[in-house]
Amino acid sequence: MEDNLSVVLHAQGDLRLEERPIPEPGPNDVLLQMHSVGICGSDVHYWQHGRIGDFVVRRPMVLGHEAAGRVVRVGSEVQHLKACCVSPCLSSPGDRVAVEPGVPREMDEFFKGGRYNLSPTIFFCATPPDDGNLCRYYKHSANFCYKLPDNVTFEEGALIEPLSVGIYACRRAGVTLGTTVLVCGSGPIGLVCLLVAKAMGASQVAVTDLSSERLKMAKQLGADFPLVVSREDSAQEVAQRVEGMMGNQPHVTIECTGAESSMQTAIYATRSGGVVVLVGLGAEMASVPLLNAAVREVDIRGVFRYCNTWPMAIAMLASGKVNVKPLVTHRFPLEEAAQAFETTRKGEGVKVMLKCDKNDQEP
């Protein structure tokens with residue numbers, strides 16, 4: 001095999017490209033030759049700040065958790081995935097898979113209850129101290145690698161991770177046929193929430209953002225009401241504008257920014273008896289109009305990553321019900337990871353994708 005070039009964060013601001021040993025898969029693991037890995041805001045946050053909340057980078061950590069690749073070796077107990085028969089995988093290529101980055105380490109009450117994302121001991125790619133998959137070769141639990149249909153590209157496979165956030169948020173919100181939805185923020189997560197809400201039957205979706213450029217993408221992806229907001233607007237003012245545009249208050253608001261003012265808007269904007277889902281991560285403490293939510297029976301629900309979403313996401317992509325391809329606006333080879341991270345930090349485009357297989361640069 002070739003080198004195992006990896007993108008490693010050593011400490012705050014210290015991002016390096018370095019060689020690492022190619023891992024050996026255990027009995028229930030597969031070794032993947034990584035193909036496409038997206039850069040997430042959390043990757044950039046770790047790079048810039050060295051921590052997210054209580055998760056602190058204390059030793060070198062490989063970044064990356066939005067990933068798809070090809071199986072090149074399987075563990076002795078793996079039955080559902082096939083590796084390539086010969087190198088370089090020309091005559092009989094291995095299965096193409098999307099990687100779910102969160103793998104439970106134990107069968108605790110959350111695992112048994114179907115909410116394994118809440119397990120306190122879960123392994124999660126690129127969350128300290130667990131290494132991610134922004135590298136040439138990566139080992140992962142075979143049970144959390146999902147075969148991609150022939151009509152789903154590697155890039156789409158990598159985008160299943162952010163798409164899963166949208167699926168899980170819409171599930172938590174109860175989006176269904178005829179639901180009206182407000183999405184606060186039109187970054188990558190806001191956009192996938194828009195796509196999923198539409199696919200699940202939402203009749204109208206309004207999207208807010210500070211950037212008119214980002215809202216252009218939201219409009220292209222199906223937003224019915226793109227709304228530019230400013231930092232000077234009060235939460236009540238924005239809520240009134242949303243109601244005026246939509247003709248009524250939305251049943252559901254999905255807050256994707258983490259900004260205190262946006263969380264306030266989400267509560268004021270949602271109709272009585274509706275649901276606010278908090279996806280964006282902001283400050284630990286926030287001032288929000290809880291009494292307003294309480295007396296109007298507006299439910300406030302949190303979201304922590306996702307669970308049980310990959311099969312639905314693959315079905316959405318394979319059927320054409322959801323198109324995530326426009327989200328990828330920049331591509332870089334793995335060797336240019338520093339430039340790719342800087343592009344993401346500057347907020348250029350929507351999704352930056354790193355191509356890890358130097359012999360195959362196709363999506």
Side-chain angles (χ1 to χ4, degrees), residues 1-26 29-52 55-73 75 83-84 87-89 94 97-103 123-141 144-145 154-155 157-158 161 328 330-346 348 351-362:
M1 288 185 179
E2 56 191 82
D3 62 275
N4 190 23
L5 191 65
S6 306
V7 179
V8 183
L9 180 64
H10 281 252
Q12 180 180 351
D14 186 3
L15 188 68
R16 307 181 196 176
L17 272 172
E18 61 187 41
E19 295 288 347
R20 287 205 160 191
I22 295 175
E24 283 292 328
D29 299 329
V30 290
L31 179 66
L32 304 176
Q33 183 176 30
M34 303 311 299
H35 187 286
S36 297
V37 181
I39 298 178
C40 176
S42 66
D43 294 317
V44 175
H45 196 94
Y46 279 122
W47 168 42
Q48 292 292 293
H49 302 282
R51 66 184 300 157
I52 295 178
F55 296 106
V56 182
V57 178
R58 304 188 189 279
R59 63 171 179 79
M61 177 182 75
V62 179
L63 291 172
H65 61 269
E66 302 177 0
R70 191 181 295 279
V71 178
V72 294
R73 195 177 298 163
C84 55
S87 182
C89 302
V97 298
V99 178
E100 181 173 359
V103 180
F123 168 93
F124 198 89
C125 294
T127 296
D130 302 327
D131 283 326
N133 42 39
L134 194 38
C135 48
R136 295 253 195 255
Y137 292 96
Y138 170 71
K139 178 186 72 172
H140 200 68
S141 168
F144 288 80
C145 293
F154 281 114
E155 283 191 352
E161 196 279 339
V328 181
H330 295 74
R331 297 173 177 86
F332 294 88
L334 184 60
E335 294 84 352
E336 297 177 15
Q339 184 180 348
F341 269 78
E342 184 62 22
T343 300
T344 307
R345 186 191 68 81
K346 290 179 179 177
E348 297 178 9
K351 177 59 64 176
V352 175
M353 194 69 64
L354 278 158
K355 316 302 286 187
C356 301
D357 184 352
K358 60 186 178 184
N359 297 315
D360 181 3
Q361 296 301 309
E362 294 182 6

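Not measured: the values here are computed from a predicted model.
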Which atom pairs, one a donor and one an acceptor, fall under 3.5 Å between side chains of residues 16-23 and the rest of the protein, sequence neighbours left out?
from, atom 1, to, atom 2, distance (Å)
Arg16, NE, Asp14, OD1, 3.0
Arg16, NE, Asp14, OD2, 3.3
Arg16, NH2, Asp14, OD2, 2.8
Glu18, OE1, His10, NE2, 2.8
Glu19, OE1, Asn4, N, 3.1
Arg20, NH1, Asp131, OD2, 3.2

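Considering every non-hydrogen atom in both Gly38 and Lys351, the closest pair reads CA-CD, 4.4 Å. What you find for Leu134 and Cys356 is that their closest heavy atoms are CD1-SG, 4.1 Å. Taking every heavy atom of both residues into account, Ala340 and Leu354 meet most closely at CB-CD2, 3.8 Å. Scanning both residues, Asp29 and Ser141, for their nearest heavy atoms gives OD1-CA, 3.7 Å. Between Cys40 and His65, the shortest heavy-atom contact is CB-CE1, 3.5 Å. Between Ala68 and Ala158 the shortest heavy-atom distance is CB-N, 3.7 Å.
With a 4.5 Å cut-off on side-chain heavy atoms, Val62 and Val7 do not count as touching. Side-chain contact between Tyr46 and Thr127 is present, with heavy atoms from C-beta onward closer than 4.5 Å. Annotation: side chain of Arg59 is in contact with side chain of Pro129 (closest heavy-atom distance under 4.5 Å). Looking at heavy atoms from C-beta onward, Asn133 lies in side-chain contact with Val37 at the 4.5 angstrom threshold. Between Val30 and Lys139 the shortest side-chain heavy-atom distance does not fall below 4.5 Å. For the pair Val71/Leu32, a side-chain contact is recorded, criterion being any heavy-atom separation below 4.5 Å from C-beta on.
Rounding to the nearest 0.5 Å places NE2 of His35 at 5.0 Å from CZ of Phe154. Residue Thr343 holds its OG1 atom at 7.5 Å from CD1 of Ile39, rounded to the nearest 0.5 Å. Distance CG/Leu63 to OG/Ser42: 8.5 Å, rounded to 0.5 Å. Atom OG of Ser6 is separated from atom CG of Leu334 by 7.5 Å, given to the nearest 0.5 angstrom. For the atom pair OH (Tyr137) and CD (Gln33), the distance works out to 4.0 Å, reported to the nearest 0.5 Å.
In this structure a side-chain-to-backbone donor-acceptor pair under 3.5 Å is present from Gln12 to Gln48. Between the side chain of Arg331 and the backbone N or O of Met353, no donor-acceptor pair lies under 3.5 Å. In this structure, the side chain of Arg73 does not engage the main chain of Pro25 through any donor-acceptor pair within 3.5 Å. Put simply, the side chain of Asp130 gets close to the backbone of Phe124: a donor and an acceptor are under 3.5 Å apart.
Using the six-membered ring where Trp is involved, His45 and His49 have ring planes that are tilted, between 30° and 60° apart. Between Phe341 and Trp47, the angle of the ring planes goes over 60°, which puts this pair in the perpendicular group of the 30/60° scheme.
Using a cutoff of 4.0 Å between basic side-chain nitrogens and carboxylate oxygens, Lys358 and Glu335 are not scored as salt-bridged. Between Glu155 and Lys355 a salt bridge is recorded (basic side-chain N to carboxylate O distance below 4.0 Å). Asp3 has a carboxylate O that lies under 4.0 Å from a charged side-chain N of Arg136, or vice versa, which qualifies the two as a salt bridge.
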